[in-house]
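Data block below; observations after.
The sequence lines fix the lettering, A, B, ..., with proteins before strands; numbering per chain opens at 1. Being a predicted model, the structure only gives us computed values, none of them experimental.
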Protein chains: 2
Amino acid sequence: MTDSDPSARDAEYLAKLQDYYASWKSIPSYASLCDVFGIASKSWVKAILDRLVKAGFIERTPDGMMIPTRDFFARPLAESSVQAGMPVAVNETQGDYFVIDEMLIDKPSTTTLIPVKGDSMIDAGIHEGDVAVVEKRNVANIGDIVVAIVDNEFTLKTLDKERGQYILRPANQAYPVIRPQGSLEIFGVLVGLIRKYK
Amino acid sequence: MTDSDPSARDAEYLAKLQDYYASWKSIPSYASLCDVFGIASKSWVKAILDRLVKAGFIERTPDGMMIPTRDFFARPLAESSVQAGMPVAVNETQGDYFVIDEMLIDKPSTTTLIPVKGDSMIDAGIHEGDVAVVEKRNVANIGDIVVAIVDNEFTLKTLDKERGQYILRPANQAYPVIRPQGSLEIFGVLVGLIRKYK
DNA sequence: TTGACAGCAGAACGCCCGTTCTTTAGGATG
DNA sequence: CATCCTAAAGAACGGGCGTTCTGCTGTCAA
């Protein structure tokens with residue numbers, strides 16, 4: 001069973017699919033792909049797509065829909081010039097939005113952005129003006145950086161435990177450790193950080 | 001014709017759709033959306049989607065497939081003025097919404113993402129593993145943090161001038177100032193920073 | 001109390017979609 | 001000249017998909 005070795009022209013078809021996807025951000029139906037590929041039969045489109053799936057450029061969701069993989073976005077980029085000082089920069093990909101979002105945000109519905117005020121976490125590399133990406137939930141692990149509500153104010157600190165009691169530890173010696181009396185109200189957990197220069 | 005005012009629960013449905021999309025990067029069939037939304041009838045799913053289309057969160061390709069728009073990826077930015085106890089104000093509509101990519105990237109075609117190695121800029125709050133958002137260009141101002149090419153390697157340093165000569169200043173006393181002989185090759189300028197926790 | 005409407009359930013339908021099978025044309029190969 | 005193999009075309013089909021319509025239930029205002 002020779003099955004399917006990657007056809008020579010699959011690269012060409014892949015290129016057309018990438019162009020289409022760049023425009024519409026979806027993989028169309030087989031019928032539409034006939035137009036995209038310049039082919040008249042759906043069966044051959046299926047054969048091509050099956051090979052692209054096997055080659056790892058596309059995958060299927062549980063619903064059978066086809067979505068691109070990371071390899072789908074990979075650019076050819078001249079490898080020989082790597083030594084010449086040119087970038088190995090990983091992410092030369094897709095010049096559109098939702099790249100960084102995808103990276104930082106797992107659960108969009110519970111994620112919110114909160115600007116950082118003050119320098120109490122500066123030793124953790126979190127500066128005033130940075131934007132904290134916070135996943136809203138009220139449970140966290142020791143060592144997580146959390147957004148807690150203390151005295152009716154947001155505060156960003158590292159969650160720790162001291163003699164069975166939760167405490168909030170700043171990352172700046174100029175600030176005191178916060179030892180809340182009673183229960184500690186956690187608003188969310190820091191999952192990412194964004195900084196804009198200039 | 002009552003048409004459709006945005007239903008109160010549409011925000012909730014949108015949130016579920018966003019979460020699904022974050023996982024699968026596609027909008028599933030109406031039947032699957034019944035499960036996602038926790039709804040039993042496809043007709044109601046269609047009604048919801050129609051409203052989301054009209055509200056500008058999703059749109060349709062020529063093939064009738066549904067794809068997210070820019071607004072679909074917008075995240076709420078909490079106002080710093082949330083002293084009033086519960087900052088649930090974030091949840092309700094009228095806050096500011098931001099798309100992270102648009103926030104950080106002005107010129108997509110010349111912007112690239114480069115992972116940070118080493119701790120030579122740690123005093124500037126730039127840690128190993130952070131991702132630098134770099135705008136590719138070969139001119140920069142004094143004080144800018146630049147990606148320069150030194151000895152065929154990328155290096156991230158602050159651009160400075162010393163006796164009429166450009167130098168690269170690290171933000172870590174353990175590292176030396178770089179004084180390039182001859183011209184200085186600048187790859188790009190740091191315009192943003194991304195960090196992912198956990 | 002009575003509608004009027006929003007919020008959904010459920011059935012019914014026609015068409016398109018993905019799949020499979022069969023057939024064809026045109027190189028290679030020998 | 002016979003034979004493969006690749007690269008398609010094309011027909012045929014069953015089911016799922018989106019669409020439409022009709023019906024049900026709770027709520028709230030008049």
Heavy atoms from C-beta onward define the side chain here; which of dA12(C), dA9(C), dG18(C) lies closest to that of Lys42(B)? dA12(C)

For Asp63(A) and dG15(D), what is the distance between atoms CG and C1' respectively, to the nearest whole Å? 16 Å

Atom CH2 of Trp44(B) and atom P of dT25(D): how far apart are they, to the nearest Å? 17 Å

Just to confirm, is there a sub-4.0 Å distance from OP1 or OP2 of dC8(C) to any side-chain nitrogen or oxygen of Arg9(B)? yes

For residues 175-182 of chain A, which side-chain donor-acceptor pairs fall under 3.5 Å, sequence neighbours excluded?
| from | atom 1 | to | atom 2 | distance (Å) |
| --- | --- | --- | --- | --- |
| Tyr175(A) | OH | Asp119(A) | OD1 | 2.7 |
| Arg179(A) | NE | Glu162(A) | OE1 | 2.7 |
| Arg179(A) | NH2 | Glu162(A) | OE2 | 3.1 |

Whole angstrom is fine here: how far is it from CG in Leu33(A) over to P in dG18(C)? 8 Å

Heavy-atom neighbours of Lys107(A) NZ exceed 12 at 6.0 Å: no

Regarding the side chain of Ser43(B), the nearest nucleotide among dG10(D), dA7(D), dG10(C) is dG10(C)

Please tell me if Tyr30(A) has a side-chain N or O lying less than 4.0 Å from either OP1 or OP2 of dT20(C). no

Out of dG10(C), dT20(D), dC17(C), minimum distance to the side chain of Lys46(B) belongs to dT20(D)

So for atom OH, which belongs to Tyr166(B), do other residues, nucleotides or ligands contribute more than 12 heavy atoms lying within a distance under 6.0 Å? no

What's the spacing between Tyr20(A) OH and Phe37(A) CZ if we round to 0.5 Å? 11.0 Å

How do Ala31(A) and Ala40(B) order along DNA chain C: which one's closest nucleotide is nearer the 5' end? Ala40(B)

In whole angstrom, what separates Ile48(B)'s CD1 from dA9(C)'s P? 9 Å

Quick test of your reading of the model: are Asp130(B) and Arg195(B) salt-bridged, counting only N-O distances below 4.0 Å? yes

Value in whole Å for how far the C1' atom of dA8(D) lies from CD of Glu12(A): 14 Å

Closest to side chain of Ser29(A), choosing from dG10(D), dG18(C), dA9(C): dG18(C)

From the candidates dG10(D), dA9(C), dC17(D), the one with an atom nearest any side-chain atom of Ser41(A) is dG10(D)

Using whole Å, what does the distance between atom P of nucleotide dC17(C) and atom CE of Met65(A) come to? 11 Å

Nearest whole Å is fine: how far is dG7(C) C1' from Phe37(B) CZ? 15 Å

